[in-house]
Amino acid sequence: MLLQLSLAGCDRPPPEQALRDAVAELETALEAGDVDTVLDRLDDGFRYRDLDRKAVGRRLVGAFLRYPKRQVTFMNVRVDLATPADRAAVRFNALVWGGRAALPDDADGFQVSSHWRRDGGDWLLTEVETRGWRQ
């Protein structure tokens, strides 16, 4: 019983759950306009199209200023863990809308394919590819 109690204090979520938690944290941070939390989830070598981590941070600040009221929803999240479980691919659909008032000025949907790596106990986003639903 003592061993069981000591092991319970060391519980960490399994890799897939920890990754799902990281994706949910990213979704919440994007909706809240929390650039620091988003950047904390990005790997130092992060790439999105021709943008690096620093450029993404600048773009986010601009988008959050342009759309102070925004909603972000990730749906159909699918996690594919690599073996060993220190790399993963996460695919999902994202709905994003925003504006200056309660009604959105702009809205879009995307199919997202993302790549992650585990660094200690944290999952970091290394790369994102998006495809708009209108394409």
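- Scanning for ring pair (Phe, Tyr, Trp, His ring centres under 6.0 Å) contacts around Tyr67 gives an empty result, with sequence neighbours left out.
- Taking the side chain to side chain donor-acceptor pair (under 3.5 Å) definition, one finds that Trp123 meets it with nothing, sequence neighbours left out.
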**Test log, rule side chain to side chain contact (heavy atoms under 4.5 Å, CB included), inputs Gln111 and Thr130** = CA-CA 6 Å; Gln111 293 175 333; Thr130 60; over 6 Å; no
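- Every residue two or more places apart in sequence or in another chain that forms a side chain to side chain donor-acceptor pair (under 3.5 Å) with Asp21 is listed here: Gln17.
- Between Leu42 and Leu124 there is no side-chain heavy-atom pair separated by less than 4.5 Å.
- Remark: Phe64 pairs with no residue by the ring pair (Phe, Tyr, Trp, His ring centres under 6.0 Å) rule, at least two apart or across chains.
- In this structure, Arg70 has no salt bridge (Lys or Arg N to Asp or Glu O under 4.0 Å) partners at least two apart in sequence or on a different chain.
- Using a 4.5 Å cut-off between side-chain heavy atoms of Ile, Leu, Val, Met, Phe, Trp and Tyr, with links allowed through other members, Leu65 and Leu60 fall into the same hydrophobic cluster.
- In this structure, CZ on Arg131 lies 10.0 Å from CG on Asn93, to the nearest 0.5 angstrom.
- Glu27 meets the side chain to side chain donor-acceptor pair (under 3.5 Å) test with no other residue; sequence neighbours excluded.
- To the nearest 0.5 Å, atom CZ of residue Phe46 and atom OG of residue Ser114 are 9.0 Å apart.
- Residue Tyr48 comes nearest to Val56 through the heavy atom pair CB-CG2, 4.5 Å, listed as atom of the first residue, atom of the second, then distance.
- Between Val72 and Leu95 there is no side-chain heavy-atom pair separated by less than 4.5 Å.
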Under 3.5 Å, side-chain donor or acceptor atoms of residues 78-85 against the rest of the protein: list the pairs with distances, not counting sequence neighbours.
{"residue": "Arg78", "atom": "NH1", "partner": "Asn76", "partner atom": "O", "Å": "2.7"}
{"residue": "Asp80", "atom": "OD2", "partner": "Arg91", "partner atom": "NH1", "Å": "3.2"}

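- Just one residue in the list Leu125, Leu19, Val128 forms a side chain to side chain contact (heavy atoms under 4.5 Å, CB included) with Val90, and that residue is Leu19.
- In this structure, CD on Glu129 lies 10.0 Å from CZ on Arg49, to the nearest 0.5 angstrom.
- Scanning for salt bridge (Lys or Arg N to Asp or Glu O under 4.0 Å) contacts around Glu16 gives Arg20, with sequence neighbours left out.
- Residues that satisfy the side chain to side chain donor-acceptor pair (under 3.5 Å) test with Glu127, not counting sequence neighbours, are absent from this structure.
- Taking the side chain as every heavy atom from C-beta outward, Arg100 and Lys69 never approach each other to under 4.5 Å.
- Taken from CG in Asp106 to CZ in Arg66, the straight-line distance is 6.5 Å, to the nearest 0.5 Å.
- Residue pairs meeting the ring pair (Phe, Tyr, Trp, His ring centres under 6.0 Å) criterion with at least one member in residues 99-120, sequence neighbours excluded, do not occur.
- Sequence neighbours left out, the pairs with a member in residues 35-46 that pass side-chain hydrogen bond (donor to acceptor under 3.5 Å, both in side chains) are Glu25-Arg41, Asp34-Thr37, Asp43-Arg117.
- Applying the ring pair (Phe, Tyr, Trp, His ring centres under 6.0 Å) test to residues at least two apart or on different chains, the pairs with a partner in residues 72-98 are Phe74-Phe92.
- Closest approach of Val35 and Gly57 over heavy atoms only: CG1-O, 4.1 Å.
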